[in-house]
2 protein chains.
Amino acid sequence: MATMNDVARLAGVSASTVSYALTGVRPVSEATRERVRVAMDQLGYRPNALARGLASNRTRILALLFPAIERGLGGTALEFVTAAAETAREHGCHLVLWPTGDDEVGETHELVHQGLVDGLVVMEVKLDDPRVDLLRSTATPFTLIGRTARPDGLPYCDIDFELTVRGALDHLSGLGHEHIALLSHSEASLAAGYGPTVRVQKAFEQQTSERGLPALVRHCDESADAGRAVAADLFRTHPEVTALVTMNDDATFGAVAEIVEGGRDVPGEVSVLSVVSSPRVGALSHPRLTTMAAPGAELGRLGVESVITRVEQGDSPVVRELIPCRLDAQATTGPAPGTHAHTPPGTP
Amino acid sequence: MATMNDVARLAGVSASTVSYALTGVRPVSEATRERVRVAMDQLGYRPNALARGLASNRTRILALLFPAIERGLGGTALEFVTAAAETAREHGCHLVLWPTGDDEVGETHELVHQGLVDGLVVMEVKLDDPRVDLLRSTATPFTLIGRTARPDGLPYCDIDFELTVRGALDHLSGLGHEHIALLSHSEASLAAGYGPTVRVQKAFEQQTSERGLPALVRHCDESADAGRAVAADLFRTHPEVTALVTMNDDATFGAVAEIVEGGRDVPGEVSVLSVVSSPRVGALSHPRLTTMAAPGAELGRLGVESVITRVEQGDSPVVRELIPCRLDAQATTGPAPGTHAHTPPGTP
DNA sequence: TTGTACGCGTTATCAG
DNA sequence: CTGATAACGCGTACAA
């Protein structure tokens with residue numbers, strides 16, 4: 001691989017001139033710039049990323065931090081990661097994947113102090129996340145995907161769960177539903193302080209209360225079987241329920257199957273709306289699920305752009321972005337039984 | 001951040017001794033090793049990855065190359081990427097994601113010549129893949145996930161499609177099926193030389209022929225709707241078909257829905273077996289899909305381990321690994337109509 | 001507008 | 001067993 005010196009020699013200039021011709025940090029005459037350019041692609045020269053990083057103290061490498069344990073977001077996570085990587089590329093940056101095991105804090109610390117990365121995107125942030133405390137104490141810029149319980153001055157990109165729940169309830173209320181239950185993630189995820197679980201439940205309880213509706217919440221493991229079981233129990237104890245808001249893709253499929261087999265028509269007697277999901281997943285269900293799509297790609301893009309901005313100018317304002325899920329009305333939501341729906345359902 | 005010189009000074013030794021105490025490349029007395037150790041964690045010293053890479057000409061960074069365009073493997077891809085990243089970590093390596101756009105070759109070339117990575121894992125390899133030609137001409141080790149048409153001396157990890165198809169046909173034949181159709185990916189993917197599409201079709205045609213069965217192949221876009229349409233057409237023109245081997249998750253769901261709505265019982269009248277899929281996806285269907293699970297995690301792990309081996313000892317033998325999909329017999333496959341199944345179905 | 005010289009934090013070579 | 005010293009490839013004051 002050709003080095004800068006090789007280029008300099010061939011072009012008959014000094015190495016620093018090559019450097020300046022490359023970065024444009026100081027003026028270079030058109031003539032020599034051209035000679036350098038010719039020499040460069042004659043040698044197929046590419047600047048060495050390592051040497052550049054060492055000298056400039058800027059690696060243009062970002063890290064994506066995520067706990068490798070759980071099967072969290074599923075399909076959304078892939079979109080997220082892909083979008084993040086693409087965005088990094090567009091900005092001339094690299095993105096390294098950094099899965100953390102049991103010792104989240106230690107492994108994060110290790111990464112930061114290797115001096116390899118300019119900034120971090122932190123996935124799967126919990127309400128009380130020890131990684132955040134660590135990162136605050138370092139100089140490395142970072143952006144959270146998700147939020148801690150009180151994300152004071154922290155930069156984050158997250159789903160707007162309040163607006164998402166509002167959208168879901170608006171849709172169902174508009175269809176005349178008054179007995180709406182929430183099928184959420186597992187108790188364990190709630191106990192672990194998993195943001196989506198906590199925030200959706202809180203928003204659901206608050207907003208149903210505001211609307212004078214009863215708040216029925218069920219937790220459920222992430223599997224179709226668990227979904228079946230919980231749905232069966234739910235409709236046995238609460239036959240008055242006519243609509244289900246779910247946030248648990250696997251369980252949703254089980255729940256729908258159970259409801260239908262239990263002799264209730266979907267959406268004739270029970271409507272199902274799956275939030276923090278995606279139309280693509282919804283299309284796998286029959287009848288096709290009404291979903292609210294998680295903004296995975298948007299979050300990935302925003303998260304990376306936000307750290308890059310902070311890396312390039314450390315005094316830039318902190319990004320705090322909340323994006324709601326997007327409604328995609330399909331076949332599992334319809335008018336409540338015995339209701340003349342007065343609000344046109346569905347997305348434009 | 002403390003440097004090696006800081007450590008050396010504090011420990012009262014030379015910088016090179018610190019280096020050797022760290023790497024163990026040359027013997028260091030127990031006494032000084034201990035002094036160095038103390039100095040190190042007194043200063044919280046961590047070796048600088050960049051400087052180390054520059055000096056040693058070994059970055060311990062691997063790249064994962066993938067075309068960002070298509071929504072290829074879906075859930076499997078996430079498993080793959082996660083496993084790859086974890087494996088890299090276990091070996092003290094970093095994994096950077098390198099999504100390529102339109103100019104696959106150019107962007108790959110760029111990456112390789114930045115001197116940032118020690119080796120590459122190349123995803124989504126096509127039968128005739130220009131990236132491979134490029135990589136052969138460089139000194140950077142790489143491993144393909146997938147294979148070219150004639151992967152002569154190339155290192156690769158791929159699904160064993162022949163064994164997978166054999167497993168599928170064995171399962172169905174054992175249930176008495178004699179009219180088996182293949183629901184594959186789109187024509188476009190076939191034309192693009194997408195390995196799984198081409199190889200599964202070839203294996204299917206060959207093996208059905210060997211068994212004296214008719215070979216019925218249908219291509220289908222990656223969507224539930226397309227699956228419906230193709231299934232409808234298939235059973236209209238070929239009502240004798242009693243079993244469907246599918247390799248197209250989204251389409252499979254549509255196909256099952258169409259079959260059931262068309263008045264055919266699954267698996268009573270038609271069996272469906274989805275290959276290169278996963279039990280998790282299968283569980284979303286009702287009745288639960290019999291699947292053959294793509295070995296995503298295994299491939300990710302093997303791919304990374306294989307490049308690392310090549311990086312560490314360039315003369316190591318070329319890895320050529322083929323892994324079949326694993327059968328998970330569930331509710332969508334059963335005895336052919338009018339048959340007394342004589343072979344016990346299901347996985348061991 | 002250009003060249004020189006030094007530093008970034010390690011590893012590797014060569015003495016001792 | 002240990003210490004100097006020279007690379008590694010590039011950025012950047014400083015000087016011209």
Side-chain angles (χ1 to χ4, degrees), chain A residues 1-37 39-40 43-61 92 110 112-118 139 311-312, chain B residues 1-37 39-40 43-61 92 94 112-118 139 311-312:
Chain A
M1 284 190 285
T3 81
M4 200 167 223
N5 272 313
D6 299 331
V7 176
R9 208 166 324 157
L10 184 58
V13 299
S14 79
S16 61
T17 298
V18 175
S19 176
Y20 291 121
L22 208 56
T23 63
V25 170
R26 93 180 177 189
V28 173
S29 80
E30 186 51 47
T32 64
R33 181 199 304 289
E34 183 57 18
R35 292 226 310 288
V36 169
R37 209 189 52 66
M40 288 208 299
L43 294 172
Y45 169 77
R46 303 266 80 193
N48 181 300
L50 254 51
R52 174 174 282 197
L54 225 206
S56 67
N57 209 5
R58 184 139 296 175
T59 64
R60 302 202 74 82
I61 301 178
E110 186 190 338
V112 169
H113 287 80
Q114 282 192 336
L116 184 68
V117 301
D118 283 344
V311 167
E312 289 177 347
Chain B
M1 284 190 286
T3 82
M4 196 167 234
N5 272 312
D6 299 333
V7 176
R9 207 165 324 155
L10 184 59
V13 297
S14 78
S16 54
T17 297
V18 175
S19 176
Y20 291 121
L22 208 54
T23 64
V25 169
R26 92 181 179 188
V28 173
S29 79
E30 186 52 45
T32 65
R33 180 199 306 289
E34 182 57 17
R35 292 226 310 289
V36 169
R37 210 190 51 68
M40 288 209 298
L43 294 173
Y45 168 77
R46 302 267 78 195
N48 181 299
L50 252 51
R52 175 173 284 195
L54 224 209
S56 68
N57 210 8
R58 184 137 296 176
T59 64
R60 303 201 74 81
I61 300 178
H94 298 263
V112 169
H113 287 81
Q114 283 192 334
L116 183 69
V117 301
D118 283 345
V311 168
E312 290 177 346

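Here the structure is a predicted model, which is why all the values come from computation and not from measurement. Below, chains carry the letters A, B, ... as their sequence lines are ordered, and counting in each starts from 1.
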* To do: Please report, rounded to the nearest Å, how far the C1' atom of dG9(D) is from the CG atom of Leu116(B).
  => 14 Å

* Shortest non-hydrogen contact from Val112(B) to Met1(A)? -> O-SD, 4.3 Å

* Roughly how far, to the nearest 0.5 Å, is the CD1 atom of Ile61(B) from the CD atom of Gln114(B)? -> 10.5 Å

* For the residue pair Ala15(B) and Asn5(B), what are the closest heavy atoms and their distance? -> CB-OD1, 3.6 Å

* To do: Decide yes or no for Val18(B) and Val13(B): does some side-chain heavy atom of the first lie under 4.5 Å from some side-chain heavy atom of the second?
  => yes

* CZ of Arg58(B) versus P of dG9(D): gap in Å, rounded? -> 15 Å

* Whole-Å gap separating P (dA12(C)) and CG (Leu54(B)) -> 12 Å

* Structure fact -> In B/S/- notation (B base, S sugar-phosphate only, - none; protein heavy atoms under 4.0 Å), nucleotides 10-16 of chain D written 5' to 3' is BSBBB--

* What integer distance in Å separates Leu43(A):CG from dG9(D):P? -> 14 Å

* Take atom CG of Asp6(B) and atom C1' of dC8(C), then tell me their distance rounded to the nearest Å. => 13 Å

* **Under 4.0 angstrom between Ser14(A) side-chain N/O and dT4(C) OP1 or OP2** => no

* Structure fact -> Met40(B) atom CE is separated from dG9(C) atom P, nearest whole Å, by 17 Å

* Heavy-atom closest contact (Glu312(B) atom, Arg58(B) atom, distance) -> CA-NH1, 4.2 Å

* Asked: Hey, does the side chain of Arg26(B) reach the backbone of Tyr20(B) with a donor-acceptor pair shorter than 3.5 angstrom?
  -> no

* To do: Just compare dT2(C), dG3(C), dT2(D) and give me whichever is closest to any side-chain atom of Ser29(A).
  => dT2(C)

* Take the protein atom CZ of Arg9(A) and the nucleotide atom P of dG3(C), then report the distance between them rounded to whole Å. => 14 Å

